[in-house]
A.B. asks: 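Sharing a structure with you now.
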Amino acid sequence: MKQVTSEIVHKALEKLKPVWGLDIIMPDIEIEIPRNESLGDITTTVAMSLTRTLKKPPGKIAEELLQEINQLGGPFEKVEIAGPGFINFRFKKQYLYERVKTLLTEGHSSLSSNPGQGRKIQIEFVSANPTGPLHIGHGRGAAMGSALSNLLRAAGFDVEREYYINDAGLQVKLLGQSVYARYQQLLGNEVPFPEDGYKGAYIGSISKELIEKSGDKYLKLSFEECGDFFTDNAYKMLLADISKDLKDFGVEFDRWQSEKALYEKNRVEESLNELREKGFIYEKDGAKWFRSSDFGDEKDRVVVKKDGEYTYFAPDIAYHKDKLDRGFDTIIDIWGADHHGYVPRIRSVLEAFGLAKEKFRVMLIQMVSLLRHGEPVQMSKRAGKFITLREVIDEVGSDTAKFIFLTRKADSHLDFDLEVAKEESSENPVFYVQYAFARISSIFRRAEERGVRSPKTGVKIEDLTVLKEDEEMSLIKKLLQYPLVIEGAAHAFEPHRVTYYLQDLAKLFHSYYNKHRVLSDDNALTRGRLCLCRAVQIVLKEGLKLLGVSAPKKM
RNA sequence: GCGCCUGUAGCUCAGUUGGAUAGAGCAACUGCCUUCUAAGCAGUGGGUCAGGGGUUCGAAUCCCUUCAGGCGCGCCA
């Protein structure tokens, strides 16, 4: 729908260029879906965006364009000017039927253009420290990252999704110390618990498991003597839990990158050396600094401390250098918004290594406030008191949780009320969309019982021309908007657009279902309507798949 | 003190990158099941787009400013 229109408008502009003056800079042709269906099927604002350069009223420009467009023809029933200078297009029914036929015979991808063109994108998300279970904030990041990857893939990008494991450094060591202390305590050796240690109940569980596994072998040994045993086992067990939680949440990764491995392969030292050779590292006050302020960061950052230890920043330099070396066109990091202050320094690193500014994008996910009956649920990681993602999944379900995460844009704060998510389950938007899918599935089951063949292959235009009701035309147009939605959502990094689109589509279907019967004595009409149902089903299924939400055949 | 995010209907949120009369879901009210799933449909009411300036053909959207909430500003990770 978009392409045909865009091409025609483009041709019209080319024809008018000599009239207007050849040096006129043409704006991008913006093709949009009109706010109101009665205005038209598709619209362009190009006449209005030309007012400034042409110094003419938008209505006048639109008229000139309209003349050219009418001469060029195209699959339009009507093209008209409305409002301040919109050019509104209404398609011929025949064209719409053809597009639906393509959708049915070739699938949803047949409608999309391919803005990604196979370019490689790396997208890193969740990357929670393996020092405790995932919480609800990670869940939001996971849902977003997963949906965004799917979206970019649907838009034709070659996407790799990665989880970065912070398995080196002080935090995992602290984890090891915490588990060590509980281990000793459980065996009657009252050693002090580390001051900033992890206090969650899961620490005790890990200690218990280690006792079952290795008995009191490490009793009375100091942490210096046996710390690796506790550290390694603890983070590996937690990582296994994290991995399982994500999998149960329906989120999978192509690659798990270990921080430790970067050290072992000497990548940290190498990357710092490279920066030094490029002149971006200097010494001051006994420490080594990276010149991030050269790239817009507010100040330079320490990479090697006075005591010779790396800062946490150093392995992140190595990690992002490693991403670059793997040959991605674009690198995306998804972080919690509490890390936003970290963006300029990582961007600086990538620029120092030669990546163009716009090839690195950070998607910041705002905080989630967990509520119950409108009252905040107290969360304290330090005290080990928090609701885990696992508990949320068990209480409200994966589909519901994801849908809620994906109905908000990333940079708005989210109130997640456990009771609302649960209690409203029958009125929950996710079920509304799934229900439309289940209803269609049910129609097909009934059709089969009656011996009506379901349209799968060999759909002809004549099968579709029986579709004439207003509700049918609305549904068809909505279906054909799908690629536009995907394109826009992928471009803007906004999975929530898909969520809203699916609700709109489901609404149109439910309304249609209530007003018109699909299965009737009229064979031709029945077949046509089954075709439409199939088309709706294809798009619903694909959309839900992008969001990582299931499409049940029965509810 | 500085930086980032947010402020839209009673509640939770959209608003197609500056466009047409600002929308949806919940909540409230009124109708609709002997017919393909009522987890549904049809309808009604509900707004100083936080406040104030500015930019222009046109602003919820961009700029300035005030207010409110959240987050961040370490040779911590």
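In what follows, every chain begins at residue 1, and chains take the letters A, B, ... in the order their sequences are listed. The basis for the numbers below is simple: all heavy atoms, side chains too, and nothing from hydrogens, waters or symmetry mates. Computed from a prediction, not measured in an experiment: that's the story for all the values here.
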A.B. asks: Quick one: on RNA chain B, does A/A82 or A/Y312 contact a more 5' nucleotide (nearest heavy atom)?
C.D. replies: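 Whichever sits nearer the 5' end wins; that is A/A82.
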
A.B. asks: Output every pair passing salt bridge (charged side-chain N to carboxylate O under 4.0 Å, His left out) with a member in residues 333-343 of chain A, not counting sequence neighbours, ordered by first then second residue.
C.D. replies: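 Sorted pair list: A/K323-A/D333.
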
A.B. asks: It should be established whether A/K305 places a side-chain nitrogen or oxygen under 4.0 Å from OP1 or OP2 of nucleotide B/G74.
C.D. replies: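 False: A/K305 side-chain N/O out of range (4.0 Å or more) of B/G74 OP1/OP2.
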
A.B. asks: Calculate the interatomic distance between A/R450 atom CZ and B/U35 atom P; express it in whole Å.
C.D. replies: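 So the CZ-P distance, A/R450 to B/U35, works out to 13 Å.
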
A.B. asks: With A/Q177, which residues qualify under side chain to side chain donor-acceptor pair (under 3.5 Å), at least two apart?
C.D. replies: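 Per chain and number, A/Q177 pairs via side chain to side chain donor-acceptor pair (under 3.5 Å) with no residue.
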
A.B. asks: What integer number of Å spans the C1' atoms of B/G18 and B/G54?
C.D. replies: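 Their C1' atoms lie roughly 15 Å apart.
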
A.B. asks: Can you check whether any acceptor in the base of B/A20 is under 3.5 Å from a donor in the side chain of A/N88, or vice versa?
C.D. replies: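 Donor-acceptor pair under 3.5 Å: yes.
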
A.B. asks: Between B/U66 and B/G1, how far is it from one P atom to the other, in whole Å?
C.D. replies: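 B/U66 and B/G1 have their P atoms separated by 11 Å.
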
A.B. asks: So, using side-chain contact (heavy atoms from CB on, under 4.5 Å) as the criterion, who are the partners of A/I165 when residues are at least two apart?
C.D. replies: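 Only A/P130, A/Y163, A/D167, A/L239, A/W256 meet the side-chain contact (heavy atoms from CB on, under 4.5 Å) criterion with A/I165.
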
A.B. asks: Could you give the side-chain donor-acceptor pairs of residues 411-418 of chain A under 3.5 Å, partners two or more places apart or in another chain?
C.D. replies:
{"unit_1": "A/S412", "atom_1": "OG", "unit_2": "A/K409", "atom_2": "O", "d": "3.1"}
{"unit_1": "A/D417", "atom_1": "OD1", "unit_2": "A/H373", "atom_2": "N", "d": "3.2"}
{"unit_1": "A/D417", "atom_1": "OD1", "unit_2": "A/E419", "atom_2": "N", "d": "2.9"}
{"unit_1": "A/D417", "atom_1": "OD1", "unit_2": "A/V420", "atom_2": "N", "d": "3.2"}
{"unit_1": "A/D417", "atom_1": "OD2", "unit_2": "A/H373", "atom_2": "N", "d": "3.4"}
{"unit_1": "A/D417", "atom_1": "OD2", "unit_2": "A/G374", "atom_2": "N", "d": "2.7"}

A.B. asks: Do we see a donor-acceptor contact under 3.5 Å between the side chains of A/Y342 and A/R301?
C.D. replies: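 Note: A/Y342 and A/R301 side chains miss the donor-acceptor criterion.
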
A.B. asks: Within the sub-3.5 Å range, which N or O atoms of nucleotides 12-15 of chain B have a protein N or O partner, and how far apart are they?
C.D. replies:
{"unit_1": "B/U12", "atom_1": "O2'", "unit_2": "A/R408", "atom_2": "NH2", "d": "2.1"}
{"unit_1": "B/C13", "atom_1": "OP1", "unit_2": "A/H413", "atom_2": "O", "d": "3.3"}
{"unit_1": "B/C13", "atom_1": "OP1", "unit_2": "A/D415", "atom_2": "N", "d": "3.0"}
{"unit_1": "B/C13", "atom_1": "O5'", "unit_2": "A/R408", "atom_2": "NE", "d": "3.4"}
{"unit_1": "B/C13", "atom_1": "O2'", "unit_2": "A/Y500", "atom_2": "OH", "d": "2.6"}
{"unit_1": "B/A14", "atom_1": "OP1", "unit_2": "A/K409", "atom_2": "N", "d": "2.7"}
{"unit_1": "B/A14", "atom_1": "OP1", "unit_2": "A/S412", "atom_2": "OG", "d": "3.0"}
{"unit_1": "B/A14", "atom_1": "O4'", "unit_2": "A/Y500", "atom_2": "OH", "d": "3.4"}
{"unit_1": "B/A14", "atom_1": "O3'", "unit_2": "A/H496", "atom_2": "NE2", "d": "3.4"}
{"unit_1": "B/G15", "atom_1": "OP1", "unit_2": "A/H496", "atom_2": "NE2", "d": "2.9"}
{"unit_1": "B/G15", "atom_1": "OP2", "unit_2": "A/K409", "atom_2": "NZ", "d": "3.3"}

A.B. asks: I'd like to know if A/H340 reaches the base of B/G3 with its side chain such that a donor and an acceptor end up less than 3.5 angstrom apart.
C.D. replies: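 When only heavy-atom distances are counted, A/H340 does reach the base of B/G3 through a donor-acceptor pair under 3.5 Å.
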
A.B. asks: Among residues 517-524 of chain A, which ones have heavy-atom contacts with RNA chain B below 4.0 Å?
C.D. replies: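 Per residue number, the list reads A/R517, A/V518, A/L519.
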
A.B. asks: Taking side-chain contact (heavy atoms from CB on, under 4.5 Å) as the test, write out the residues that go with A/A143, two or more places apart.
C.D. replies: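 Result, side-chain contact (heavy atoms from CB on, under 4.5 Å) vs A/A143: A/F249, A/K402, A/F405, A/L406.
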
A.B. asks: Quote, to the nearest angstrom, the C1' distance that separates B/U6 from B/C13.
C.D. replies: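 Result for the C1' pair: 13 Å, nearest Å.
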
A.B. asks: Hey, can you pull the donor-acceptor pairs under 3.5 Å for the side chains in residues 344-351 of chain A, sequence neighbours left out?
C.D. replies:
{"unit_1": "A/R345", "atom_1": "NH1", "unit_2": "A/Y312", "atom_2": "OH", "d": "3.0"}
{"unit_1": "A/R347", "atom_1": "NH2", "unit_2": "A/F360", "atom_2": "O", "d": "2.9"}
{"unit_1": "A/S348", "atom_1": "OG", "unit_2": "A/S292", "atom_2": "O", "d": "3.4"}
{"unit_1": "A/S348", "atom_1": "OG", "unit_2": "A/P344", "atom_2": "O", "d": "2.6"}

A.B. asks: It should be established whether A/Y512 places a side-chain nitrogen or oxygen under 4.0 Å from OP1 or OP2 of nucleotide B/A42.
C.D. replies: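 For B/A42, neither OP1 nor OP2 has a side-chain N or O of A/Y512 closer than 4.0 Å.
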
A.B. asks: Can you find a side-chain donor-acceptor pair between A/D522 and A/S520 that sits under 3.5 Å?
C.D. replies: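 Short answer, no.
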
A.B. asks: Provide, to the nearest angstrom, the distance between the NZ atom belonging to A/K56 and the P atom belonging to B/U56.
C.D. replies: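 It is 22 Å, rounded to the nearest whole Å.
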
A.B. asks: Mind checking side-chain contact (heavy atoms from CB on, under 4.5 Å) for A/K515 and listing every partner two or more places apart, or none if nothing turns up?
C.D. replies: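 side-chain contact (heavy atoms from CB on, under 4.5 Å) list for A/K515, sorted by chain: A/E471.
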
